[in-house]
Amino acid sequence: MAASPPAERVVIENCAVATVDAHDTEYACGHLVVAGDRIESVGPGPAPEGLTGVVRRIDATGHLATPGLVNTHHHFYQWITRGLATDHHLFDWLVALYPVWARIDEPMVHAAAQGSLAMMARGGVTTAVDHHYVHPRGAGDLSGAVIRAARETGVRLTLARGSMDRGESDGGLPPDFAVESLDDALAATAATVAEHHDASFGALVRIAVAPCSPFSVSTELMYRSAELARGLGVRLHTHGSETAEEEAYCHARFGMGPTDYFESTGWLGEDVWMAHCVHMNDADIAAFARTGTGVAHCPSSNARLAAGIARVPDLLAAGVPVGLGVDGTASNESGELHTELRNALLINRLGAHRQAALTARNALRLGTHGGARVLGRAAETGSLESGKLADLVLWRMDTLAHASIADPVAALVLGAAAPVTASFVGGRQIVGNGRLLTLDEDAVARTTRDEARRLARLAVGG
């Protein structure tokens, strides 16, 4: 058998490097060598001499290299319903928007996914989650539309195949025609896993089982979804403890708070992560720590919907895995994760821990290694280390916006949104000089505008 050809190498030099490894190793001026889809070496000073197969050298003077950002919670379809219900708390916001979302179809979801992914990729995201739980009857292959958009953009995707089986007639919030029956939801989720889930190292697409929330899903669907996910060997995701109203709802309906309810249905564990987790007491945090349950912290969305301030410093101190999430762009219109680094730090400093809540480096870790850990991918991505996937970003730090800040990590987190000169996913460059290299951004903008207008017309019966 012929030997495999040697991997082509890309050499990046003369940049500051924040590895976000276990020791938070940083280099004021360092290098990275990418061989194929992996990081071959990272260290101080120039790259080793005598490298063969070098196809490209990048002089990254004035840049900071970090791991690619990992977005642990999003709803891509909401890209085409931005700017609506801007002064509502969560329940009223859902009541206002569910009748609109119930009209989505496959072309809308594909366009919205392209828009969401393009915006995130431009801002340094290399791995993203889409929690898609709205499946109107006759809407087409919505999971396939999301996965197609991710492949076109070049971003790693975990599609959290969501479901709802409690419509308005059963006391839920969504219209009845936007929910599935319990059996249909489980069957469709299992089929999505069978068709699309890739468990291999470096997979571009993985699937998680993800019923929406306690107030739109039956207890039976929660139980059986957990059984399904564990039988198939995939992760579990849902919304949890987002608002005070949700906590009151769980006490009224189930006789217990959200965390106890989740534990009673099999929904705590190392294979589970929850979005938001704002209203948690000490016992809740201890339960998450004991079971290894992860958290997707979404600071901008929590603020937009007046949900409250999550106890992120306490979660981290207890050892709970925590990553960052954009959340849907109907509650975080910017749709960018790199702004969440800053917002996570600032908003948490308004809480009980004040200035000691988070540091700039804590925030960067949340957005990189923390997110990879939450998704069960910390062995693959989330830090710049030899053998890991070459998912990395070069942020330009020598422009007017950042040049006078000596600490590049502080500049990235606390300063204005830094330009992305280059972003790589598995060694493939997907962003160059702040623009997508994989899609025509202007065409995506036009399509998302057209689909947003079409959805608005359908929502009013036009």
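Keep in mind that this is a model prediction, so the values were computed, not measured.
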#### Entry: Audit row: Val295, Val374, side-chain contact (heavy atoms from CB on, under 4.5 Å) steps and yes/no
CA-CA 7 Å; Val295 171; Val374 163; 6.0 Å; no
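- Every pair passing salt bridge (Lys or Arg N to Asp or Glu O under 4.0 Å) that includes a residue from residues 325-335 is listed here, sequence neighbours excluded: Arg304-Glu333.
- A donor-acceptor contact closer than 3.5 angstrom is absent between the side chains of Glu246 and His251.
- Looking at His63 and Asp398, their side chains never bring a donor and an acceptor atom within 3.5 Å of each other.
- The structure places OG1 of Thr126 at 7.0 Å from CZ of Arg156, a figure rounded to the nearest 0.5 Å.
- With no hydrogens or angles considered, no side-chain donor-acceptor pair links Thr243 and His89 at under 3.5 Å.
- Panel note: side chain Thr19, backbone Asp21; a donor-acceptor pair is recorded below 3.5 Å.
- Partner of Glu180 under the salt bridge (Lys or Arg N to Asp or Glu O under 4.0 Å) criterion, chosen from Arg137, Arg161, Arg166: Arg161.
- Within the model, atoms NE2 of His197 and CD1 of Ile147 stand 11.5 Å from one another, a figure rounded to the nearest 0.5 Å.
- With contacts defined as side-chain heavy-atom distances shorter than 4.5 Å, the pair Asn71/Leu324 does not qualify.
- A pairwise comparison of heavy atoms in Phe254 and Thr219 identifies CE2-OG1, 3.6 Å as the closest pair.
- Contacts of Leu350 classified as side chain to side chain contact (heavy atoms under 4.5 Å, CB included), with partners at least two apart in sequence or in another chain: Ile309.
- Of the N and O atoms on the side chains of Ser383 and Lys388, at least one donor lies less than 3.5 Å from an acceptor on the other residue.
- Between the side chain of Ser331 and the backbone N or O of Gly328, at least one donor-acceptor pair lies under 3.5 Å.
- In this structure, a donor-acceptor pair under 3.5 Å is present between the side chains of Ser169 and Asp176.
- Looking at Asp284 and His279, their side chains never bring a donor and an acceptor atom within 3.5 Å of each other.
- Using modelled atom types and a 3.5 Å distance limit, the side chains of Thr447 and Asp450 yield no donor-acceptor pair.
- Among pairs with a residue in residues 226-240, those fulfilling salt bridge (Lys or Arg N to Asp or Glu O under 4.0 Å) read Arg230-Asp271, at least two apart in sequence or across chains.
- In terms of heavy-atom proximity, Pro175 sits nearest to Glu168 at CA-OE1, 3.7 Å.
- Under a 3.5 Å cut-off, the side chain of Ser116 and the backbone N or O of Ala113 do not form any donor-acceptor pair.
- The salt bridge (charged side-chain N to carboxylate O under 4.0 Å, His left out) check on Glu451 picks up Arg454, with sequence neighbours excluded.
- Rounding to the nearest 0.5 angstrom, the gap separating the OH atom in Tyr77 from the CG atom in Asp105 is 14.0 Å.
- Between His132 and Phe76, the gap from one ring centroid to the other reaches at least 6.0 Å.
- Under 4.0 Å is where a charged nitrogen must lie from a carboxylate oxygen, and between Arg361 and Asp24 no such pair does.
- Of all non-hydrogen atoms in Leu345 and Ala363, the two that sit nearest each other are CB-CB, 4.5 Å.
- The backbone N or O of Tyr261 lies less than 3.5 Å from a partner atom in the side chain of Thr265, making a donor-acceptor pair.
- Between the Arg396 side chain and the Pro419 main chain, no donor and acceptor come within less than 3.5 Å of each other.
- Taking the six-membered ring where the residue is Trp, the centroids of Trp79 and Trp101 are separated by 6.0 Å or more.
- A ring-ring contact (aromatic ring centres under 6.0 Å, His included) check over residues 223-245, counting only residues at least two apart or in different chains, returns the pairs His73-His237, His73-His239, His75-His239, His131-His237, His131-His239, His237-Trp273, His239-His276.
- Shown here are the side-chain hydrogen bond (donor to acceptor under 3.5 Å, both in side chains) partners of Thr189, two or more places apart in sequence or in another chain: there are none.
- Nearest heavy-atom pair across Thr72 and Gly325 is OG1-N, 3.9 Å.
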Show me, pair by pair, the donor-acceptor contacts under 3.5 angstrom made by side chains of residues 209-216, not counting sequence neighbours?
from	atom 1	to	atom 2	distance (Å)
Ser213	OG	Ser216	OG	2.9

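- Checked against ring pair (Phe, Tyr, Trp, His ring centres under 6.0 Å), Trp267 has no partners two or more places apart in sequence or in another chain.
- No side-chain donor-acceptor contact under 3.5 Å links Glu336 to the backbone of His338.
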Where do Ile104 and Leu455 land on the side-chain contact (heavy atoms from CB on, under 4.5 Å) test, with the steps shown first?
-> CA-CA 7 Å; Ile104 60 173; Leu455 177 58; 4.1 Å; yes
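- Using a cut-off of 4.0 Å between Lys/Arg side-chain N and Asp/Glu carboxylate O, Arg224 and Asp183 are scored as salt-bridged.
- Counting non-hydrogen atoms of other residues, nucleotides and ligands closer than 6.0 Å to CD of Glu220 gives a total above 12.
- Residues passing the side-chain hydrogen bond (donor to acceptor under 3.5 Å, both in side chains) test with Ser218, sequence neighbours excluded: Asp165.
- Here the closest heavy-atom approach between residue Pro408 and residue Leu64 is recorded as O-CD2, 3.7 Å.
- The list of salt bridge (Lys or Arg N to Asp or Glu O under 4.0 Å) pairs with a residue in residues 69-96, not counting sequence neighbours, is empty.
- Atoms CG and OG1, on Asp391 and Thr66 in that order, are 11.0 Å from each other to the nearest 0.5 Å.
- When each of Ser163, Ser181, Ser225 is checked for a side chain to side chain contact (heavy atoms under 4.5 Å, CB included) with Leu186, only Ser225 meets the rule.
- One side chain, Asn343 or Ser300, offers a donor N or O that lies under 3.5 Å from an acceptor on the other.
- Annotation: the span from Leu392 atom CG to Phe424 atom CZ amounts to 6.0 Å, rounded to 0.5 Å.
- Between the side chain of Asn332 and the backbone N or O of Val326 there is at least one donor-acceptor pair closer than 3.5 Å.
- Considering only residues two or more places apart in sequence or on other chains, Arg290 meets the salt bridge (charged side-chain N to carboxylate O under 4.0 Å, His left out) condition with Glu263.
- Looking only at distances, no side-chain donor or acceptor of Thr158 sits under 3.5 Å from a matching main-chain atom of Arg206.
- Looking at Leu157 and Thr127, their side chains never come closer than 4.5 Å, going by heavy atoms from C-beta outward.
- Under 4.0 Å is where a charged nitrogen must lie from a carboxylate oxygen, and between Glu441 and Arg435 at least one such pair does.
- In terms of modelled atom types and a separation under 3.5 Å, the side chain of Thr81 and the main chain of Gln78 share a donor-acceptor contact.
- Val320 and Leu316 get closest at one heavy-atom pair: O-CD2, 4.2 Å.
- From Glu245, atom CD reaches atom CG of Leu94 across 10.5 Å, with rounding to the nearest 0.5 Å.
- Remark: Thr448 pairs with no residue by the side-chain hydrogen bond (donor to acceptor under 3.5 Å, both in side chains) rule, at least two apart or across chains.
- Side-chain N or O atoms of Glu380 include one that pairs as donor or acceptor with a backbone N or O of Gly202 at under 3.5 Å.
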